[in-house]
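Accompanying notes for the structure given below.
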Amino acid sequence: MFGTRQSRTVITRLNEAGYEAVFVGGAVRDYLLGKEPTDIDIATSATPAQVKSVFSNTIDLGTEHGTVLVIESGEPIEVTTYRTEGTYSDNRRPDEVHFVTSLEEDLKRRDFTINALALRIGGEVVDPFRGREDLSKKTIRAVGNPSERFSEDALRMIRAVRFVSVLGFELESSTKASITALGSSIKTLSVERVKQEFDKLFNGLFAHEALELLEDTKLSEALPLYPTQQDSWLQCAPFQNSLDGWASLMIAGDFDASEVVKAYKLSNKERLFLQSVQKFYSIRLIRSYTIMDYYGAECSTLMSVEKLIATLTTRLPIDENTIRNAMDLLPIHTKQELAVKGEQLMEWTGRSGGRWLGEAIQAIEHAVLYQVTPNDHNSIKEWFLHEYECKE
Ligand code: ATP
Ligand code: MG
């Protein structure tokens with residue numbers, strides 16, 4: 001049986017109220033492929049107001065676009081009214097949305113045949129564009145005329161490549177030809193939308209094929225920032241996750257972290273990851289890690305660095321177990337794990353706070369990490385008062 005109990009309840013209750021309601025989009029595609037769907041979308045002939053009247057607990061998710069979040073037994077479920085769309089002149093959201101009552105009209109506005117499938121609660125698949133046939137042929141084919149569909153919304157071209165990466169499918173030939181012809185129009189897209197698709201692309205098992213396709217269709221030339229050394233870049237794929245993808249783009253493209261962050265509007269967390277990879281990659285070009293390096297790094301950062309070292313240099317990489325062991329063996333992993341705090345240092349010395357305090361804590365951290373003193377209150381006090389202070 002498809003979907004969660006709660007999502008089936010939502011469909012059944014809409015049906016009982018006299019509306020058509022079906023599972024749609026990626027979840028149906030993934031179900032037919034025997035994969036676990038990431039999120040479940042429901043489409044309905046009911047208008048947003050009608051959806052809200054059927055359920056007691058709902059949240060508006062932009063009713064002008066037709067989406068209502070229904071909270072059913074604690075589970076949030078997106079319910080979207082059947083609609084058609086105009087063009088995306090700002091390349092973010094469609095200019096106008098018209099609600100319609102026909103499921104087929106709704107499926108027609110969707111990007112690819114494999115995403116234009118619906119599933120009724122009884123198990124019947126609605127497939128007006130032969131999406132199932134394309135699923136079995138492993139083909140990504142635009143719904144309708146590909147050039148028209150890519151002119152309406154250029155993001156669909158990047159989505160096509162993202163599905164190549166995630167599903168390992170191939171582009172149908174006229175879909176591919178249209179991308180090659182219209183690829184430069186992705187320049188007008190909002191970076192946020194492009195970035196989101198790249199996150200998913202980087203997670204795909206077939207990212208190598210997807211990168212080849214970006215090059216092949218020349219989409220790569222229209223992207224905000226892209227490596228010119230195609231060979232190095234291709235060797236980095238597939239990626240461990242999206243962070244690893246962005247880090248690989250940076251190193252293979254010989255970019256500074258700040259350039260990648262700016263070009264793709266990466267988050268703060270992503271910026272910190274890239275800066276850290278950049279730092280440790282340049283360290284590893286000349287030497288191995290020290291205790292201080294292990295202390296200052298996340299395991300996932302060093303895993304990305306080592307993969308890049310193995311791929312792009314002749315240096316021997318350090319394997320995951322070695323990294324994990326080295327990190328496990330550290331006496332402390334953060335400053336918070338130190339057995340003493342700043343206030344205690346002030347108490348011992350009778351001094352008030354100031355720059356000396358930060359320096360002293362750093363010295364204690366160093367002494368504990370290099371096992372000059374064990375990490376317990378008395379030993380640190382002993383070391384601090386007799387070894388550290390007298391050197392001052
Ligand atoms: P995922 O498994 O990553 O969620 P998905 O196919 O569900 O993949 P979503 O971005 O969640 O992708 O979109 C849900 C559905 O909405 C798609 O399957 C497709 O039918 C439709 N869709 C999404 N974006 C577009 C678009 N830009 N143009 C046309 N249809 C789209
Ligand atoms: Mg989805």
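Order of listing sets the numbers, starting from 1, for every ligand and every atom in it. Nothing here was measured: the structure is a model prediction, and the numbers come from that model.
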When you check the side-chain N and O atoms of S178 and S147, is any donor under 3.5 Å from an acceptor?
yes

For atom 31 (C) of ligand 1, tell me which residue out of N115, I40, D111 has the closest non-hydrogen atom.
D111

Per-atom contacts of ligand 1 with R162, taking only distances under 4.0 Å to non-hydrogen atoms
1 (P), 3 (O), 8 (O), 10 (O), 12 (O)

F239 ring center near W233 ring center (under 6.0 Å):
yes

Which option, R159, E78, R110, owns the non-hydrogen atom nearest atom 22 (N) of ligand 1?
R159

Ring of Y289, cation from R284 - is the NZ or CZ under 6.0 Å from the centre and inside 45° of the axis?
yes

One thing to verify: whether K138 and E170 come together as a salt bridge, which I'm taking to mean a side-chain N less than 4.0 angstrom from a carboxylate O.
no

Using a distance-only test with no angle check, is there a side-chain donor-acceptor pair under 3.5 angstrom linking E172 and S174?
yes

Ligand 1 atoms nearer than 4.0 angstrom to some heavy atom of R29 are 1 (P), 2 (O), 5 (P), 6 (O), 8 (O)

Only counting residues at least two apart or in another chain, list the ones meeting ring-ring contact (aromatic ring centres under 6.0 Å, His included) with H333.
none

Side chains of E337 and N375: any donor to acceptor distance under 3.5 Å?
no

Give a yes/no on ligand 1: does F163 have at least one heavy atom closer than 4.0 angstrom to it?
yes

From atom 1 (P) of ligand 1, work out which of V166, T38, D41, I114 has a heavy atom at the shortest distance.
T38

Here the atoms of ligand 1 under 4.0 Å from any heavy atom belonging to G25 are 18 (O)

K200 contact mode with ligand 1 (heavy-atom cut-off under 4.0 Å):
side chain

Mind checking whether G26 has an N or O less than 3.5 Å away from an N or O of ligand 1?
yes

Strictly by modelled atom types, are T217 and T180 linked by a side-chain donor-acceptor pair under 3.5 Å?
no

I need the contact type for F150 against ligand 1. Using non-hydrogen atoms and a strict under-4.0 Å cut-off, is it side chain, backbone, both or neither?
neither

Examine the proximity of ligand 1 to D39 and report which part, side chain or backbone, both or neither, has a heavy atom under 4.0 Å away.
side chain

Suppose we only count N/O/S atoms under 2.8 Å; would D39 qualify as near the Mg ion (ligand 2)?
yes

Taking only heavy atoms of R109 into account, list the atoms of ligand 1 that are under 4.0 Å away from them.
29 (C), 30 (N)

Any idea which part of E152 is under 4.0 Å from ligand 1, heavy-atom wise: side chain, backbone, both or neither?
neither

Please name all residues satisfying side-chain hydrogen bond (donor to acceptor under 3.5 Å, both in side chains) with T81, sequence neighbours left out, ordered by chain then number.
none

